[in-house]
Amino acid sequence: MGTATEAQVKDDSENRICLQYLRTTDPREDKKRIEDTKGGILKDSYTWILENSEFQRWHNDKQSQLLWIRGDPGKGKTMLLCGIIDKLKEAPSVSSTSGCCLLSYFFCQATDLRINSATAVLRGLIYLLADQQPALLQHVRKKYDATGKELFVDTNAWFALSEVFMNILQDPSLERTYVIIDALDECVTGLQQLLQFIDKTLPVCPHVKWIISSRNWPSIEEQQHISDQKVQLRLELNEDSISAAVSTYIEHRLGELAKRKKYNAELEYSIHKYLSLNAGATFLWVALVLEELDRIDRRNALTRVKMFPPELGPLYEQMMAQVSKSNNADLCKRILSIVAVVKRPITLRELVSFDDTLHKLDCPQNISEDIEDLEQTIGQCGSFLTIRERTVYFVHQSAKDFLLQGNKSQEIFRSGIDELNHAIFSRSLRLMSRVLRRDVYSLRAPGITIDDVKQPDPDPLAAIRYSCLYWVDHLLDYQAGEVRIKDLKDSTLVYSFLRQYFLYWLEALSLMKYMSDGVIMIRKLENLQMKQFDGSQYVHDFIHDARRFTVSNRSIIEQAPLQVYCSALVFAPEKSIVRETFEGCIPSWIQRKPKVETHWNAALQTLKGHTDWVTSVAFSPDGKQVVSGSGDKTMRLWDAATGALQQTLKGHTDWVTSVAFSPDGKQVVSGSGDETMRLWDAATGALQQTLKGHTDWVTSVAFSPDGKQVVSGSHDKTVRLWDAATGALQQTLKGHTDWVSSVAFSPDGKQVVSGSDDETVRLWDAATGALQQTLKGHTKWVNSVAFSPDGKLETLGVSDGWVREGISKILWLTHDFQSPTCQATWNRSVVLGYSSGRVLSFRFAPGANLITQD
């Protein structure tokens with residue numbers, strides 16, 4: 001009994017941790033924030049929709065699964081959805097504890113990176129469902145237990161989570177589920193994927209009812225073709241209802257303002273009349289006008305309100321004109337330009353540090369006063385901006401869009417956007433240089449793990465979080481303009497910053513839990529430097545070494561931030577530039593350092609996770625992923641850039657002996673000792689097909705160049721061709737007298753080559769299965785065959801302890817790496833798998849002078 005209880009406690013703890021990693025936002029909190037920001041939800045402003053015929057059709061007709069509420073900016077779509085959510089919550093089935101019916105929702109916001117992507121939408125929807133009904137978390141745990149938190153953040157997060165969400169929506173415990181997504185037009189990343197996913201759910205999840213809202217975008221309209229399952233509700237076609245709702249909104253908000261400003265009845269009536277006549281059924285217009293009136297004294301209120309033009313566009317024009325005439329015009333425009341160009345909403349503390357006119361870095365004692373002054377100045381920015389929880393946002397996405405239009409863009413970006421990107425980039429380096437130091441959180445214990453780190457108050461990294469994450473992006477945006485590269489020379493900003501603060505920056509990224517982003521930023525920096533190399537070899541060498549250092553040590557630094565000064569430095573090669581530069585950071589208590597290699601070897605990363613021999617490895621066609629098969633009966637998908645584990649694919653009942661990607665990278669095929677081949681979705685890890693027919697181990701598999709066929713070789717001495725779409729057997733090629741160890745297609749897909757333990761290589765016609773040639777000459781078994789890109793047959797890989805290119809020996813493998821069990825090549829890279837479970841990745845520079853040995 002005690003053991004069972006302990007197991008349950010452990011499982012509950014794992015569930016909580018999984019839910020914490022899943023959470024990027026709580027949509028319930030977003031809803032409350034939105035309602036509070038807009039002055040609360042008014043029942044009379046949304047109840048009209050409940051009687052609307054299109055809404056009724058969606059709600060009552062089993063065939064109508066999706067309602068698209070569409071309308072121009074400022075029409076009140078978000079508050080309308082808030083009201084619908086409240087109404088659906090009142091339904092007995094939703095509010096009951098039986099768990100048979102659930103409600104999940106999400107609010108997209110383009111200016112907030114946390115909630116502006118398709119992946120974020122899925123994370124929010126899944127989080128809300130799992131938090132309401134914990135049993136649903138089992139669908140997340142199936143993938144989370146194999147990959148950890150990387151499931152939610154790596155490059156394949158969308159694909160994995162879309163499968164998880166689909167499984168949740170098909171859970172038999174759900175009898176009716178409402179899913180609501182607001183502001184799809186503000187889903188900056190992955191919008192089409194999200195729309196396609198919604199489409200995909202409709203026929204297979206008939207008990208799920210969707211509501212989505214967006215602006216009238218053609219790209220969304222194209223996807224939302226009308227069918228019996230979909231209903232459109234156009235707000236412009238319901239102008240009378242919208243106008244009535246806006247009138248209710250005017251009456252409520254103006255009533256509050258009149259009390260606060262002590263308007264008499266006549267003044268309140270006159271303002272109400274003007275607002276009602278000119279609002280154009282647009283909530284946002286009313287809100288902006290009332291916000292301006294709140295700053296104007298009672299005597300001038302009526303005169304001022306009549307100066308506001310009708311409709312949103314002209315109102316924005318007038319707001320911009322007022323900014324230009326104000327005493328702080330230049331400062332307001334600078335603030336607007338910074339908020340418009342940053343990658344996410346920034347805090348007041350971050351914003352005040354981005355310009356000398358807002359805060360001088362040499363006067364840190366003035367920071368509190370400068371932040372107070374900044375708040376006042378933001379109030380003079382024509383109502384374009386708003387402040388929530390010390391963070392600066394645009395009042396609406398349409399306000400940012402307005403400012404980024406051509407003529408307005410020139411007005412606020414006086415020296416151009418490129419200049420501002422450079423200013424933020426260089427300022428970021430200055431800010432980080434002032435804050436970053438070794439052990440910035442004073443943790444002291446070198447082995448403390450990231451899970452045990454408690455953020456200090458005040459947090460020394462608070463002012464530079466944005467800078468740490470985005471300084472490279474602003475440099476790239478600056479360089480994207482027609483400007484000659486000048487900031488990667490050894491005597492300038494970047495080189496100076498990296499030589500002094502590189503390790504401190506990595507420590508900060510680890511503390512902020514963005515270490516993987518650091519790997520990506522260094523790669524971006526290296527790519528930029530290579531493209532625009534200006535002869536500064538010192539910079540090139542340092543950035544290249546920094547990339548090797550970061551990739552090699554990402555895992556340990558991510559887990560234990562202070563190990564960047566211990567393990568990462570101690571085990572770096574003796575001649576590593578990073579090691580030589582930061583040698584003084586190695587703790588003095590490490591009195592004798594181990595003997596390590598002199599220079600970085602060709603191995604880029606060691607990917608660990610398998611628990612038995614690695615038998616086969618392959619690159620994806622774009623080189624971004626590596627797949628490995630193992631004696632532990634699993635396949636694993638890895639991020640080739642960061643080394644992070646993305647997926648663990650389970651299903652085979654014996655060793656996985658061979659793996660390969662499809663030409664489009666969307667599928668993986670595996671062969672196994674269980675005599676089967678399996679086709680998998682490379683993004684989600686879902687099993688698609690199981691191909692049966694061989695009577696012994698499947699030893700080698702490959703896709704045809706067009707992805708329509710799969711070829712396999714087996715210990716049953718046959719080669720077989722299969723239809724990749726249906727799994728049907730097309731041909732069985734017989735002729736070998738021993739195990740078939742390796743198979744491959746020619747680049748044109750017309751031939752198949754096979755190598756065998758019978759010491760021969762055979763060429764076959766892929767269409768007819770006819771044997772074309774038998775190549776003899778080997779004196780032992782043939783373990784690998786491939787075609788060259790021009791269609792000429794050649795053997796590739798590792799033999800006799802050497803990495804070979806053709807017949808040329810190019811790299812001797814040291815004793816530890818002499819006997820790989822499998823190998824793969826892609827674009828000058830070689831991946832080797834070993835019986836220990838280790839996967840080793842090498843890359844050879846193009847055009848290298850290779851010494852040929854006889």
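All residue numbers in this chain count up from 1 along the given sequence. All figures in this text were calculated on a predicted structure; none of them were measured in a lab.
When the shell of 6.0 Å around CZ of Arg295 is examined, it contains more than 12 heavy atoms from other residues, nucleotides or ligands. At most 12 non-hydrogen atoms from other residues, nucleotides or ligands lie less than 6.0 angstrom from CG of Asp240. Counting non-hydrogen atoms of other residues, nucleotides and ligands closer than 6.0 Å to CD of Gln193 gives a total above 12.
Classification of Glu350 and Arg465 as a salt-bridged pair fails, no side-chain N sitting under 4.0 Å from a carboxylate O. Between Lys343 and Asp477, at least one side-chain N (NZ, or NE/NH1/NH2) sits under 4.0 Å from a carboxylate O, which counts as a salt bridge. Using a 4.0 Å cut-off between charged side-chain N and carboxylate O, Asp30 and Arg33 make a salt bridge. Checked for salt-bridge contact, Lys261 and Glu268 miss the test: no charged N lies under 4.0 Å from a carboxylate O. Taking 4.0 Å as the cut-off between side-chain N and carboxylate O, Asp131 and Arg23 do not count as a salt-bridged pair. Between Asp86 and Lys31, at least one side-chain N (NZ, or NE/NH1/NH2) sits under 4.0 Å from a carboxylate O, which counts as a salt bridge.
Between Met521 and Leu509 there is a side-chain heavy-atom pair separated by less than 4.5 Å. Looking at Leu235 and Asp72, their side chains never come closer than 4.5 Å, going by heavy atoms from C-beta outward. Within the 4.5 Å cutoff, the side chain of Lys333 has no heavy atoms near those of the Phe413 side chain. Contact of the Thr377 side chain with the Leu358 side chain is not registered, since no non-hydrogen atoms from C-beta on lie closer than 4.5 Å. Using a 4.5 Å cut-off on side-chain heavy atoms (C-beta onward), Phe283 and Trp285 make no contact. Put simply, the side chain of Asp26 reaches to within 4.5 Å of the side chain of Leu128, judged on heavy atoms. For the pair Trp48 and Asn238, the minimum side-chain heavy-atom distance is below 4.5 Å. Annotation: side chain of Leu275 is not in contact with side chain of Val246 (no heavy-atom distance under 4.5 Å).
A donor-acceptor pair under 3.5 Å is formed between the side chain of Tyr274 and the backbone N or O of Phe308. Ser433 contributes a side-chain N or O that, together with a main-chain N or O of Leu429, makes up a donor-acceptor pair within less than 3.5 Å. When atom types are taken as modelled, the side chain of Gln376 and the backbone of Ile371 share no donor-acceptor pair closer than 3.5 angstrom. Side-chain atoms of Ser213 come within 3.5 Å of backbone atoms of Ala183 as a donor-acceptor pair (strictly under, hydrogens ignored). With hydrogens and angles disregarded, a donor-acceptor distance shorter than 3.5 Å links the side chain of Ser104 to the backbone of Leu125. Judged by distance alone, the side chain of Asn264 and the main-chain N or O of Leu267 form a donor-acceptor pair under 3.5 Å. Under a 3.5 Å cut-off, the side chain of Asn116 and the backbone N or O of Ala110 do form a donor-acceptor pair. For the pair Arg70 (side chain) and Arg234 (backbone), a donor-acceptor distance under 3.5 Å is absent. Listed for the Thr303 side chain is no donor-acceptor partner under 3.5 Å among the backbone atoms of Asn300.
Aromatic ring centroids of His422 and Phe425 lie under 6.0 Å apart.
One side chain, Glu292 or Ser383, offers a donor N or O that lies under 3.5 Å from an acceptor on the other. A donor-acceptor pair shorter than 3.5 Å cannot be found between the side chains of Thr282 and Glu311. A donor-acceptor pair shorter than 3.5 Å can be found between the side chains of Asn328 and Gln380. Side-chain contact annotation: Thr357 with Asp355, donor-acceptor N/O pair under 3.5 Å present. Residues Asp418 and Asn421 have side chains that never bring a donor and an acceptor to within less than 3.5 angstrom of each other. No hydrogens or angles considered: a donor-acceptor pair under 3.5 Å links the side chains of Ser353 and Arg349. For the residue pair Thr25 / Tyr127, no side-chain donor-acceptor distance below 3.5 Å is found, with atom types taken as modelled.
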Before you tell me yes or no, could you show the steps for Ser117 and Thr189 under side chain to side chain donor-acceptor pair (under 3.5 Å), namely the whole-Å CA-CA distance, both residues' side-chain angles and the distance that decides it to 0.1 Å?
CA-CA 5 Å; Ser117 69; Thr189 305; 5.8 Å; no
Please evaluate residues Arg334 and Asp356 with respect to the criterion salt bridge (Lys or Arg N to Asp or Glu O under 4.0 Å), reporting the C-alpha separation (whole Å), side-chain torsions for both, the decisive distance (0.1 Å), and the verdict.
CA-CA 11 Å; Arg334 189 63 171 176; Asp356 268 335; over 6 Å; no
Please determine whether salt bridge (Lys or Arg N to Asp or Glu O under 4.0 Å) holds for the pair Glu35 and Arg28, giving the CA-CA distance in whole Å, both sets of side-chain angles, and the decisive distance to 0.1 Å.
CA-CA 11 Å; Glu35 292 173 356; Arg28 292 166 298 200; over 6 Å; no
Would you please test Tyr466 and His474 for side chain to side chain donor-acceptor pair (under 3.5 Å) and show each step?
CA-CA 11 Å; Tyr466 183 89; His474 285 288; 2.7 Å; yes
Determine whether Leu461 and Ile464 satisfy the following criterion, side-chain contact (heavy atoms from CB on, under 4.5 Å), listing intermediate values before the conclusion.
CA-CA 5 Å; Leu461 297 178; Ile464 63 168; 3.8 Å; yes
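Relative orientation of the Phe402 and Phe384 rings is parallel, given thresholds of 30° and 60° on the angle between their planes.
Evaluated for a side chain to side chain donor-acceptor pair (under 3.5 Å) with Tyr249, the options His252, Glu251, Arg253 yield exactly one hit, Arg253.
With sequence neighbours left out, the ring pair (Phe, Tyr, Trp, His ring centres under 6.0 Å) criterion links Phe497 to Trp471, Tyr501.
Residues in residues 383-401 take part in these salt bridge (charged side-chain N to carboxylate O under 4.0 Å, His left out) pairs, two or more places apart or across chains: Arg215-Asp401, Glu375-Arg390.
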